[in-house]
**Q** 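Sharing a structure with you now.
Each ligand, and each atom within it, is numbered from 1 in the order the structure gives. All heavy atoms count here, side chains included; hydrogens, waters and symmetry mates do not.
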Amino acid sequence: MGDRGVEGIDDAGDASGGWELVTLGECLVSLVAGELGSLAEATTFSRHVAGAEANVAVGLARLGHTATFIGHVGQDGFGTAILRALRGAGVGVDWLTVDASGSTGHLFRERRVLGPAEVVYARSGSAGARLSPEDVDAAAAAGAFNGARWLHLTGITPALSPSCRSAVSRAIEHARGRGLTISLDLNLRRKLWTDQEAKPVLADLAARSDVVLGSEDEAAIVTGQADDGSPTSLLDSLLALGPTLAVLKLGANGAMARARGGDVVTRASLAVIPVDPVGAGDAFCAGFISARLDGADVARALDVGNACGAAAVAAIGDQAGLPDAIELERLLAASPTDTIR
Ligand code: KDG
């Protein structure tokens, strides 16, 4: 178990320098509709920095951990905005390449408080999709993984391009060789690939990860098990793929987890009226990973993840609501009627 990182050992040691968390993928700009409802009626948009892995890195940094991000942005104003935002959040950008051969990926999305929100991507052929295994090797050679404790991956990056898929695989090799804990958020994006294309790729990544997180729908696709309303059997099917810990994000219903050979742990979410549901899953991952890096047990990590997810949906944009450590403690301690005066 020693080579399985934090999830495989009881006593998570201190970071020995460098970045605690390494992640990689496409950080993009998200143009979020100002008006609630259909994109068809939206006329104003606000610009935010987005991208699942970058959201997790920013979430970790807000909570006092250190995180670095490997990727590409275009040599354009959106790329500059991303660099400034990540740097300003304290995320390492030493391995965020400014790439003149493609533009920065962006997306438009509507804001709904009822039903799923539609996203329109403008990321095909983007700079972000040019991330390659050579980038990961270069970051590793420059020390990105030295002293790191955690590698976080999502199912979005392998869908972007063959080189992105290889980059994810290469990151696992670097992390595994150094004993990092590896987490995979399934994050199935059906506008990027079909379920049939995604299933074997994500199942393979899950097999090579320590912690797999996802929704019930995503877990059902990746495990090939019917989503029959039994989260416990989905957790077991995820564990059968190979990780030591499986986590189901249940949105307003909280989260559940099971470690291999352990009991099912279920924790409720915080009550919240969402103003922008996108980014909740990434915020959950940030909170969960942060708590595990702090040595928390799975129940506490689920609580922290749920609180971060609730905080994220209470603000517009993927990253605006990500709490710092003080806000997090207030959220975990407060009754719904509390006011800070
Ligand atoms: O989880 C939020 C992400 O989905 C969003 O920021 C954009 O990375 C993104 C994607 O590909 O959907």
Side-chain angles (χ1 to χ4, degrees), residues 23-33 39 45-60 67 69-73 78-79 81-82 85-86 89 91 96 104-112 116-131 152-161 164-165 167-168 183-194 197-198 201-202 205 213-215 217-218 247 249 251 255 274-289 305 308-322:
T23 190
L24 70 162
E26 181 172 28
C27 187
L28 24 67
V29 150
S30 119
L31 296 150
V32 182
L39 208 46
F45 294 86
S46 56
R47 183 191 52 67
H48 301 265
V49 169
E53 299 91 346
N55 293 343
V56 172
V58 170
L60 261 296
F69 180 86
I70 306 170
H72 286 216
V73 289
F78 283 164
I82 287 170
L86 294 189
V91 172
L96 181 52
T104 303
H106 50 285
L107 61 84
F108 297 85
R109 70 174 170 82
E110 58 192 22
R111 218 151 47 81
R112 289 184 187 265
E118 183 183 354
V119 170
V120 174
Y121 287 130
R123 67 195 306 182
S124 178
S126 66
R130 294 168 198 235
L131 173 69
H152 180 68
L153 309 169
T154 83
I156 297 172
T157 303
L160 298 178
S161 65
C164 280
R165 193 174 301 176
V168 169
S183 54
L184 171 72
D185 187 356
L186 295 173
N187 264 346
L188 182 60
R189 294 289 183 266
R190 292 187 163 108
K191 287 202 169 181
L192 297 178
W193 54 359
T194 64
E197 288 169 324
V201 176
L202 296 183
L205 293 176
L213 309 100
S215 65
D217 172 50
E218 291 165 342
V247 180
K249 296 181 278 183
V275 296
D276 184 7
V278 176
D282 306 328
F284 177 94
C285 288
F288 184 88
I289 294 168
C308 290
V313 305
I316 294 171
D318 292 17
Q319 299 177 359
L322 290 166

**Q** I'd like to check H152 versus S183 (side-chain heavy atoms, cut-off strictly below 4.5 Å). Are they in contact?
**A** yes
**Q** Using a heavy-atom cut-off of under 4.0 Å, does the side chain or the backbone of L107 touch ligand 1, or both, or neither?
**A** side chain
**Q** Less than 4.0 Å is my threshold; does some heavy atom of V119 fall inside it relative to ligand 1?
**A** no
**Q** Looking at R123, which atoms of ligand 1 are within less than 4.0 Å of one of its heavy atoms?
**A**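 Matching atoms, with element in brackets: 10 (C), 11 (O).
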**Q** Mark yes or no for whether R130, through its side chain, and G125, through its backbone, hold a donor-acceptor pair below 3.5 Å.
**A** yes
**Q** Is G51 in contact with ligand 1, taking contact as a heavy-atom separation below 4.0 Å?
**A** yes
**Q** Contact between C164 and E26 at the side-chain level, heavy atoms closer than 4.5 Å - yes or no?
**A** no
**Q** Where does the angle between the aromatic ring planes of H106 and F108 fall among parallel (under 30°), tilted (30 to 60°) and perpendicular (over 60°)?
**A** perpendicular
**Q** Using distance alone, decide if ligand 1 has a nitrogen or oxygen within less than 3.5 Å of any nitrogen or oxygen in A52.
**A**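 Yes; at least one N/O pair falls below 3.5 Å.
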**Q** Run the contact test for E26 against ligand 1 with a 4.0 Å cut-off on heavy atoms, strictly below, and give the result.
**A** no
**Q** May I ask you to identify the nearest protein heavy atom to atom 2 (C) of ligand 1, giving residue, atom name and distance to one decimal place in Å?
**A** D282 OD2, 3.1 Å
**Q** Closer than 4.0 Å to some heavy atom of N55 - which atoms of ligand 1 meet that?
**A** 2 (C), 6 (O)
**Q** Any idea which part of H106 is under 4.0 Å from ligand 1, heavy-atom wise: side chain, backbone, both or neither?
**A** neither
**Q** Taking all atoms of both residues into account, what is the closest heavy-atom pair of S161 and A129, and its distance?
**A**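 Scanning both residues, the minimum pair turns out to be OG-O, 2.7 Å.
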**Q** Touching ligand 1 at all, G281? Heavy atoms, strictly under 4.0 Å?
**A**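 It does not; every heavy atom stays at 4.0 Å or beyond.
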**Q** Is it the case that the side chain of E218 and the backbone of L188 share a donor-acceptor pair, with hydrogens and angles ignored and the cut-off at 3.5 Å?
**A** yes
